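In what follows, chains carry the letters A, B, and so on, assigned in the order in which the sequence lines appear, proteins first and then strands, with residues in each chain numbered from 1. Keep in mind that this is a model prediction, so the values were computed, not measured.
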2 protein chains.
Amino acid sequence: MHALPYSQNLQRFLDRLSLRSILTKEERQAILSLPGHAKQVEANVDFVALGETVAHSCLVVAGLIGRFDQNTNGIRQITAIHIPGDVADLHSVVQPQATSALQALSVATVLQIPHAALRLATAQHPALAEILWRDCMVDAAILSQWVVNVGRREAKVRIAHLLCEMASRLGAPTAANAFSFPFMVTQVQLADATGLTGVHVNRVLKTLREDGLADVRRREVTVHDWEALVAAGEFDPNYLQADIRPDERLRIVQPA
Amino acid sequence: MHALPYSQNLQRFLDRLSLRSILTKEERQAILSLPGHAKQVEANVDFVALGETVAHSCLVVAGLIGRFDQNTNGIRQITAIHIPGDVADLHSVVQPQATSALQALSVATVLQIPHAALRLATAQHPALAEILWRDCMVDAAILSQWVVNVGRREAKVRIAHLLCEMASRLGAPTAANAFSFPFMVTQVQLADATGLTGVHVNRVLKTLREDGLADVRRREVTVHDWEALVAAGEFDPNYLQADIRPDERLRIVQPA
DNA sequence: CGCGTAGTTGAACATTATCAACGTTCGTGG
DNA sequence: CCACGAACGTTGATAATGTTCAACTACGCG
């Protein structure tokens, strides 16, 4: 993994927070000063296990991190995909007993930030509690959409929706209607995220390709017609809360 | 609706918070002193609409409140069911623009608590921010299980799981293996919560009845064999985080 | 007693799963 | 740099699960 300068990893997290919250200079500095221990995590290995009590949260530095649950037959369901800049289990600060496992979708790097440091930061800067809380709620809004995706959309729509969501979150779509972006997941992982089987995902991807919407292969998504893909995926990016204007960004505790 | 003494509504919310957090006397008092405006909400009418910016959160006093999303065909998906004592949209304190609609499942009463009051309380008692944040994360853990339910379980298991979850959250299961509890939802709402059709829910409920597991009729669930229902629903109550021992309850900001 | 909502049932159909085989790509060590 | 094995992707045939449509029944409320 290309090692970014240490502070740059935290900068991405700060950027994410700043999308929805206003931070003072001191609060920004507190985020950027968080300590952390970089760790490489292998694909298909839990680095946080179900039921485990953790003492740090994992900032995604590179790669993708999935949140995994399963039914009693061991059939898996991915309930969240975290991208660089996300803290995959920020919720563990207030709820350290894991209710899902965490796994890299392909080899990834995370920065383990001790809860103690996050707690200290929120104690010194009370507004940070609300800012981190808000960050968790963005993930909850995404999760809510996943319920709809898996519960009330057909296979093709589900996959198109997931592709749209990931493209948007990764900041891939530009003015152009066609573009491509790396997406390091297998078809089976795509199936686990959409509640389908690997075989069926394969067939759906084929039709997306044949319809000229998008080509998903070799861990890369090539969108040929973004508008059409958005329509096929019934995608309305509003729930991502990613385009909140600066004057709409929230601040509950007023700066001193 | 039988009008509880006003403070008793907030007491149930405080009870819920106290299940997972330790509150000081002052913090308890701050919760109990929250102002609110009681409001009766009709079934099948959004009292919070998608995209609306709200200025208060709704504590459920009586009845059940559903969080509704839908696909572009208008087919609905219920992503959460809130019971008395829950604040259905506590997240709106930090994210006031609604990403789902709220509706009563049958006529219900809510207490609208102004965000301003909640903000003031958290400003005066910083630990409340973490306590409310934690409360939201309990709902997120439930939401995560709903993704699994809808994505990776068969119809009968889904419905059994939902019944188990609601029974547990309502505090219905006792030492006895058979009991009953009111559950004011229609079969179609059950379908919207599980990602099925009303017709299929009807058939599944019939088999649950024939198998001697549970009888769901006339807005009342009669569990005949709790253990068997738990097995049929692949239900592991751990994710509810409802049985955290007092010494495991969290407190980040230490009392002064 | 009549009307609207909710629940029930059957038959035909659609979507997705399952099973099984085969093809392709990628990474590793010789 | 090539060969090999393992993981990943592709395809067809068949089966299971749940949907749709349509009709009919039961219940609650005025």
Side-chain angles (χ1 to χ4, degrees), chain A residues 1 42-45 64 66 71 73-77 103-107 149-160 162 182-210 214-222 232, chain B residues 42-45 64 66 71 73-77 103-107 149-162 182-210 214-222 232:
Chain A
M1 294 286 95
E42 297 302 318
N44 305 315
V45 179
L64 296 175
N71 69 10
N73 301 323
I75 295 180
R76 311 205 296 180
Q77 174 71 47
Q103 237 178 54
L105 299 183
S106 59
V107 59
N149 207 35
V150 151
R152 290 299 194 205
R153 295 197 183 110
E154 296 198 339
K156 188 176 172 185
V157 188
R158 280 187 216 185
I159 292 182
L162 180 61
F183 189 39
M184 302 292 283
V185 299
T186 66
Q187 291 184 355
V188 170
Q189 289 168 338
L190 227 41
D192 287 340
T194 50
L196 300 166
T197 57
V199 171
H200 202 58
V201 165
N202 181 281
R203 295 190 163 120
V204 170
L205 290 180
K206 186 178 175 186
T207 75
L208 286 179
R209 194 182 316 136
E210 288 168 353
D215 202 336
V216 182
R217 63 166 52 160
R218 292 186 210 169
R219 317 296 145 90
E220 172 122 351
V221 176
T222 304
Chain B
E42 298 302 318
N44 305 315
V45 179
L64 297 175
N71 70 9
N73 301 322
I75 295 181
R76 311 205 294 181
Q77 174 71 48
Q103 236 177 55
L105 299 183
S106 59
V107 58
N149 207 34
V150 152
R152 289 299 194 206
R153 294 198 183 109
E154 296 196 340
K156 188 177 171 183
V157 188
R158 279 186 217 187
I159 291 182
H161 193 276
L162 180 62
F183 189 39
M184 304 292 284
V185 299
T186 66
Q187 292 184 355
V188 171
Q189 288 169 337
L190 227 40
D192 287 340
T194 49
L196 300 166
T197 57
V199 171
H200 202 58
V201 165
N202 182 282
R203 295 186 166 122
V204 170
L205 290 179
K206 186 179 175 185
T207 76
L208 287 179
R209 194 182 316 136
E210 288 168 356
D215 201 337
V216 181
R217 64 166 53 160
R218 291 188 212 167
R219 317 294 145 90
E220 173 122 350
V221 176
T222 304

From [atom1] of [X] over to [atom2] of [N], roughly how many Å is that when rounded to an integer?
X      : N      : atom1 : atom2 : value
B:D192 : D:dG18 : CG    : P     : 16 Å
B:L190 : D:dG18 : CG    : P     : 14 Å
A:E42  : D:dA7  : CD    : P     : 14 Å
B:R158 : D:dT17 : CZ    : P     : 12 Å
A:L205 : D:dT11 : CG    : P     : 11 Å
A:Q187 : D:dT11 : CD    : P     : 10 Å
A:L105 : D:dA7  : CG    : C1'   : 16 Å

All side chain to side chain contact (heavy atoms under 4.5 Å, CB included) counterparts of [X], not counting sequence neighbours:
X      : value
A:N44  : A:R76, A:Q103, A:Q189
A:A104 : A:V41, A:I65, A:A108
A:V188 : A:T186, A:D192
B:A43  : none

Next item on the list: Classify the nucleic acid contact of B:R219 as base, sugar-phosphate or nothing, counting any heavy atom under 4.0 Å across all strands shown.
Entry: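 B:R219: backbone/sugar contact only, no base atoms under 4.0 Å.
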Margin query: Do A:L190 and A:L205 make a side-chain contact, defined as non-hydrogen atoms from C-beta onward lying under 4.5 Å apart?
Written below: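 Yes, side chains in contact.
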Next item on the list: Using only side-chain N and O atoms of B:R218, determine if any of them is under 4.0 Å from OP1 or OP2 of D:dC27.
Entry: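 Answer yes for this pair, as a side-chain N or O of B:R218 is under 4.0 Å from OP1 or OP2.
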Margin query: Angle between the end axes of the helix from C:dC1-D:dG30 to C:dG30-D:dC1, five pairs per end, to the nearest 10 degrees?
Written below: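 For the helix from C:dC1-D:dG30 to C:dG30-D:dC1, the axes at either end differ by 40°.
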Note to self: Expected output is a numbered-order residue list: members of residues 194-203 of chain B with a heavy atom under 4.0 Å from any atom of DNA chain C. What is it?
What the structure shows: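 Here the set is B:V199, B:N202, B:R203.
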Notebook entry, point to check: Under the salt bridge (charged side-chain N to carboxylate O under 4.0 Å, His left out) test, which residues partner A:R153, sequence neighbours left out?
Noted result: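 A:R153: salt bridge (charged side-chain N to carboxylate O under 4.0 Å, His left out) contacts with A:E234.
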Notebook entry, point to check: Residues two or more places apart in sequence or in another chain: which of them pass salt bridge (charged side-chain N to carboxylate O under 4.0 Å, His left out) with A:R219?
Noted result: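 Expected list: none.
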Note to self: At a heavy-atom distance below 4.0 Å, which nucleotide of DNA chain C is the first touched by chain B, and which is the last?
What the structure shows: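 Both ends considered, the range comes out as C:dA6 to C:dA11.
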Item checked: Any residue meeting side chain to side chain donor-acceptor pair (under 3.5 Å) with A:E220, in chain and number order, not counting sequence neighbours ->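 Only A:S180 meet the side chain to side chain donor-acceptor pair (under 3.5 Å) criterion with A:E220.
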Would the distance check show the side chain of [X] and the main-chain N or O of [Y] forming a donor-acceptor pair, the cut-off being under 3.5 Å?
X      : Y      : answer
A:N71  : A:N73  : yes
A:D215 : A:T222 : no
A:R158 : A:T194 : yes

Next item on the list: State the NZ-NE2 distance between B:K156 and B:H200, to the nearest 0.5 angstrom.
Entry: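 Going from NZ on B:K156 over to NE2 on B:H200, the span is 11.0 Å.
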Notebook entry, point to check: Between atom CZ of B:R152 and atom CG of A:L196, what is the distance when rounded to the nearest 0.5 Å?
Noted result: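 Spacing of CZ (B:R152) from CG (A:L196) equals 7.0 Å.
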Next item on the list: Sorted by first residue and then second, give each salt bridge (Lys or Arg N to Asp or Glu O under 4.0 Å) pair with at least one member in residues 193-207 of chain A; sequence neighbours left out.
Entry: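 Applying salt bridge (Lys or Arg N to Asp or Glu O under 4.0 Å) to every pair that reaches into residues 193-207 of chain A, excluding sequence neighbours, yields nothing.
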Note to self: Which residues in residues 149-156 of chain B have a heavy atom closer than 4.0 Å to any atom of DNA chain D?
What the structure shows: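 Heavy-atom contacts with DNA chain D come from B:E154, B:A155.
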